[in-house]
Amino acid sequence: MTGMRATVTFQPQRLLAEVSLDTSLLEAARQAGIPLESRCGAKGKCGMCRVVLQDGSLTEPTEPERKLLSAAELKNGFRLACEARVAGSGEVALYVPPISLVQEQKYELEGISRIKSALDPPLRTIRVELVRALPGEESTVLTQLERLLRDAHGISMKTSAPDALGKLREAIEQGRDSVSIVVRDGGLIDVRQSDAESPRGLAVDLGTSKVAMFLVDFDTGETEESLGFMNPQVPFGEDVISRIQYAGGGTAEASRLRELVIDGINDRLEEMLSARGLSPSGVAEMTVVGNTAMHHLFLGLPVKQLGTSPFEPASIDVIERDARDLGVKMLPAGTVYMPPVIAGFVGSDNLAAIIATRLHREEGPCMLVDLGTNTEVALGIDNRIVCCSCASGPAFEGGAVRHGMRASAGAIEKVEVEMDGSLTVSTVEDAEPLGICGSGILDAISALIDTGALDERGRLVSGNPRVVDDEGERAYRLEPSSVIKGGWITVTQGDIREIQKAKGAVRAGIEMILEHVSISYNDIKKVILAGAFGTYINPASALFTAMLPPIPIDRIVQVGNAAGVGARELLCSVKQRKEAEDLAKSIEHLELVGYPNAHLFFASSMMLSEESVNDYMRKWHGIT
Ligand code: FES
């Protein structure tokens, strides 16, 4: 079979890939540029990567396919792209159902309304008169310019970018009287013939699922444009661990993930700039914050060690690189500033969120909970900050849930209990219901407990007219939908377990931090919920399901994308960078793996009411 190849065609996109035999359909889709959902990281567990065989031969259905696809689906050619492999040379034709494609989701870009950042940027623009020199004496001009800058502006030009010197030479040769120079760290990084264009900066919040970008004008500190897009690495695994495992496969795999995200940023940046008539060299500085795995993949640092205890980062230092070295299409001599990460699962995004929320300056115990596929909890208390990372998993973002989806059009995002005990749902963009996103499912679970359809241990109650047997699993029929097999969007017993694990991980992290610093939740003055999910969840549902400890609801604030706000502040202010760098050295990281009785904290935190959490803790942990 070696050397035999096949052509795999994907419809309706009409894209194709030439692959060797035994290549998985998911790999073929990636080669063809089809963004298939792959929430479990191609492990045959999520069932999201469905395609339909129209022609050609594939390997026999595997065990996971028999488990996740019904007999009727198998008969009709449905296959899991991560499991099925090309079995014969020639043509393979596949149909890709829309639901199997990665969906665009709504993004929470803004955070605390501090959109205008404090201005103290690491670079500045100066208008200088050029002293005419004889041809061949450009170095004299540079020497004179150096003297001028030193005497008039206190700048010592120790190092200058060759490109900038080239532009300077060009300006001299053209007989220009003056130019605008862009200086960073005492070096010339750019020369502009006009000062009409102020240098721009780009702040990037590089999340596992989403990438948020903010274009900032360094003259005013204003954010000119912000946009969000799905991390192009998502088809290679929904969560950080899947990404780490894929990248750990070899240099080619790690490079592939790196290139995908750099290309994604470059494409979006080009769109932002061309809409303003700016060239890529208009962006002279960039800041990227992200969790440790995203940070390492972006920089090309090794990530394999992040997947195993003790989850050591390859670097916890501030890293600055020239844009040209990273392949970012901005001013080649511009700097990409990467703030330090704190631990293997507490990244620079958490540091940025702390800076943005001023957690370190808050009086009294104050907690920041940045919710996502990985949730970071940071507690500010008595001039110290203690943080931990909770493996909340993809359930909050619609992953690992039968009808789960991201918060895109058609996702049920809100469930309310009416006076008569019936439930009403709201969908993103008021579109026809297609599935349910994280905020919706947390609301749904809260509503099911409220109406008695679900008990506090997370069991759907038999006898409720909406609790049915759905393909061998107990499920609650939440909302009819014409596009869903079976005609209903359901909340299954398995979904409830996934949410219990996710919310339990967050609550357990909170409890362990509180125990570690010897305070009670009653002492907490404020809980700040950040991140997209943190913005959209209903705090009442978070309290009702015991995801958060029972603090008064008016102590909870939702701030949106705090990491994105922090990234902008770090982009625009040297002072903030220094503050963040100092803070990173003092933040205490609490490792939950191996924390005494961690399993009991997790088990009790999975209970779905405050009373049952406490009962469990009293019974098994002796805590009253
Ligand atoms: S089942 Fe194929 S990617 Fe999850």
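- A salt bridge links Asp470 to Arg402: at least one charged side-chain nitrogen sits closer than 4.0 Å to a carboxylate oxygen.
- Figure legend: Arg256 and Phe236 shown without cation-pi pairing, the cationic atom not lying both under 6.0 angstrom from the six-membered ring centre and within 45 degrees of its axis.
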Can you list the steps and then say if Val289 with Val204 is a side-chain contact (heavy atoms from CB on, under 4.5 Å)? CA-CA 6 Å; Val289 302; Val204 178; over 6 Å; no
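- With respect to Glu65, the salt bridge (Lys or Arg N to Asp or Glu O under 4.0 Å) criterion is satisfied by exactly one of Arg79, Lys45, Arg50: Arg79.
- Using a 4.5 Å heavy-atom cutoff, the side chains of Pro539 and Gln558 are in contact.
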Can you check salt bridge (charged side-chain N to carboxylate O under 4.0 Å, His left out) on Glu63 and Arg66, steps first, answer last? CA-CA 5 Å; Glu63 221 17 68; Arg66 293 191 188 286; 5.2 Å; no
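- Taking every heavy atom of both residues into account, Pro232 and Gly264 meet most closely at CG-CA, 4.3 Å.
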Between Thr292 and Phe345, does a side-chain contact (heavy atoms from CB on, under 4.5 Å) hold up when you go through it step by step? CA-CA 6 Å; Thr292 306; Phe345 283 91; over 6 Å; no
After noting the C-alpha distance and the side-chain angles of Asp205 and Asn561, does the key distance pass the side chain to side chain donor-acceptor pair (under 3.5 Å) rule? CA-CA 9 Å; Asp205 173 19; Asn561 183 4; 3.3 Å; yes
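- Inspection of the Asp495 and Thr492 side chains reveals an N or O donor paired with an N or O acceptor under 3.5 Å.
- A pairwise comparison of heavy atoms in Arg474 and Val467 identifies CG-CG1, 3.5 Å as the closest pair.
- In the model, Asn291 has no side-chain atom that pairs as donor or acceptor with a side-chain atom of Asn374 under 3.5 Å.
- Environment of NZ in Lys67: sparse, with no more than 12 heavy atoms of neighbouring residues, nucleotides or ligands closer than 6.0 Å.
- Note on Asp455 versus Arg459: salt bridge recorded, some NZ/NE/NH1/NH2 to OD/OE distance being below 4.0 Å.
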Would Val468 and Arg477 count as a side-chain contact (heavy atoms from CB on, under 4.5 Å) if you check the C-alpha gap in whole Å, the side-chain angles of each, and the deciding distance to 0.1 Å? CA-CA 7 Å; Val468 296; Arg477 286 181 157 174; 4.0 Å; yes
Candidate pair Leu202 and Val288, rule side-chain contact (heavy atoms from CB on, under 4.5 Å), full reasoning: CA-CA 8 Å; Leu202 185 73; Val288 181; over 6 Å; no
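- A donor-acceptor contact closer than 3.5 angstrom is absent between the side chains of Glu376 and Ser389.
- At a cut-off of 3.5 Å, with distance as the only test, a side-chain donor of Arg243 or Gln233 sits close to an acceptor on the other residue.
- Residue-environment remark: CD (Glu270) stays at or below the threshold of 12 foreign heavy atoms within 6.0 Å.
- With a 4.5 Å cut-off on side-chain heavy atoms, Leu206 and Val261 count as touching.
- The closest side-chain donor-acceptor pair between Asp443 and Ser541 falls under 3.5 angstrom.
- Of all heavy-atom pairs spanning Asn231 and Gly207, the tightest one is ND2-O, 2.9 Å.
- Judged by the 6.0 Å and 45° rule, Arg30 forms a cation-pi pair with Tyr246.
- There is no side-chain donor-acceptor pair under 3.5 Å between Ser439 and Glu413.
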